Amino acid sequence: MKIIVTGGAGFIGSAVIRHIIAHTNWHVINLDKLTYAGNLDSIGVAAYDARYSLARIDILDQEAVRSLLEREQPGAIMHLAAESHVDRSIDGPSAFIDTNITGTYRLLQEALNYWSGLNEPKKSAFRFHHVSTDEVFGSLGEIGLFREETPYRPNSPYSASKAASDHLVRSWHHTFGLPVVVTNCSNNYGPCQFPEKLIPLMIVRALEGKSLPLYGKGLNIRDWLFVDDHVRALLSVLQNGQLGQTYNIGGNAERRNIDIVESLCGLLDEMSPRANRLLYNELITFVTDRPGHDLRYAIDATKIREELSWQPQETFETGLRKTVQWYLDNETWWRRVLSGAYRGERLGLAG
Ligand code: NAD
């Protein structure tokens, strides 16, 4: 099996690649443009495996994608490449429209073109797996859960662009027969997450003794899943999911942002105490809320649990502890991100 993973230098994509190299005999091609969010450090030792290769390509570049598909003849494409940060989508939606919508469209066209030319049994075995988010469903009130048939009501430019890509993928299946599966997952956390997202941002800022800024009153609720549990779910859907179906993935771990940051502070007090008996939660501050901030997301993962026997291996507590430990053990990784060195930027040259 040879698989192309788009966005393989990102947070989740790199976890997918590390997992594939460690636990399968597949060959994996990392198709990534290497935006600010792409970090080859995150591939780790898997980067030195003969079954891994990097194709530095923008998914908007149809010709480059076409020649890669012709050359590599993959059995599957797992599509994770995206602009993924909600705050950035508010400040500058353009890249989200380009990559998430137009980029997905062009990738679909090339996948369709390639798949149409395949002979059996490769044709029937081929899969295009589109990786998406629960944010496409909009915001929940105090009760209720997102199910696969929940209507789409995206509220941010990010979620709207992901919703559009989900619809394109669905239609390429329905209209052209492209063999697709789609997954919509809740908020992920874990090793190698760019420190602009809530959990790594708070860990890194706390370790640097900086304020821990929470939007509004910190009462927004997300349903959290440890990234390796997401990866296991993705591989399960890729291999055993029904064609044309979507699967919700979630950890059944709803937490308010304030509770998460309090938990992180408690873990850090234990695992990396501050000097002079200061407590980390003294660093918490409240800042003006994000515009249009969705109140609550929560996933009903019954379908993937019942059909594919997937369930998370980590609880929120075990996953959060592992995550804090990882950031403590991998200061070089996040310092290289903060300094820009991970992108090969030359720093410290200003006169
Ligand atoms: P990320 O921002 O960490 O990584 C995105 C990767 O895509 C980067 O390596 C980047 O270089 C690459 N990329 C961006 N634009 C590209 C382009 N035009 N061509 C090729 N590569 C490009 O994202 P992530 O958090 O790992 O998320 C991966 C996917 O999973 C996204 O599609 C996201 O919508 C989805 N998702 C994320 C979460 C989450 O909590 N992080 C939850 C559910 C779904």
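Both ligands and their constituent atoms are indexed starting at 1 by order of listing. Quick note: residue numbers are just sequence positions, from 1. All values derive from a computational prediction rather than experimental measurement.
- Between E110 and L69 there is a side-chain heavy-atom pair separated by less than 4.5 Å.
- Residues I249 and S186 have side chains not in contact (no heavy-atom distance under 4.5 Å, counting atoms from C-beta outward).
- Using a heavy-atom distance under 4.0 Å as the criterion, the protein contacts of ligand 1 are G7, A9, G10, F11, I12, D32, K33, L34, T35, A37, G38, I57, D58, I59, L80, A81, A82, S84, T99, V131, S132, T133, Y158, K162, C185, S186, N187, N188.
- No side-chain donor-acceptor contact under 3.5 Å links Q109 and N113.
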Extract all donor-acceptor atom pairs below 3.5 Å that involve side chains of residues 94-101 and protein atoms in other chains or at least two apart in sequence.
from : atom 1 : to   : atom 2 : distance (Å)
N100 : OD1    : E83  : N      : 2.9
N100 : ND2    : E83  : O      : 3.0
N100 : ND2    : S161 : OG     : 3.0

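- Note on ring orientation: taking the six-membered ring where Trp is involved, the planes of H19 and H23 are tilted (angle from 30° to 60°).
- Residues S84 and K197 have side chains that bring a donor and an acceptor to within less than 3.5 angstrom of each other.
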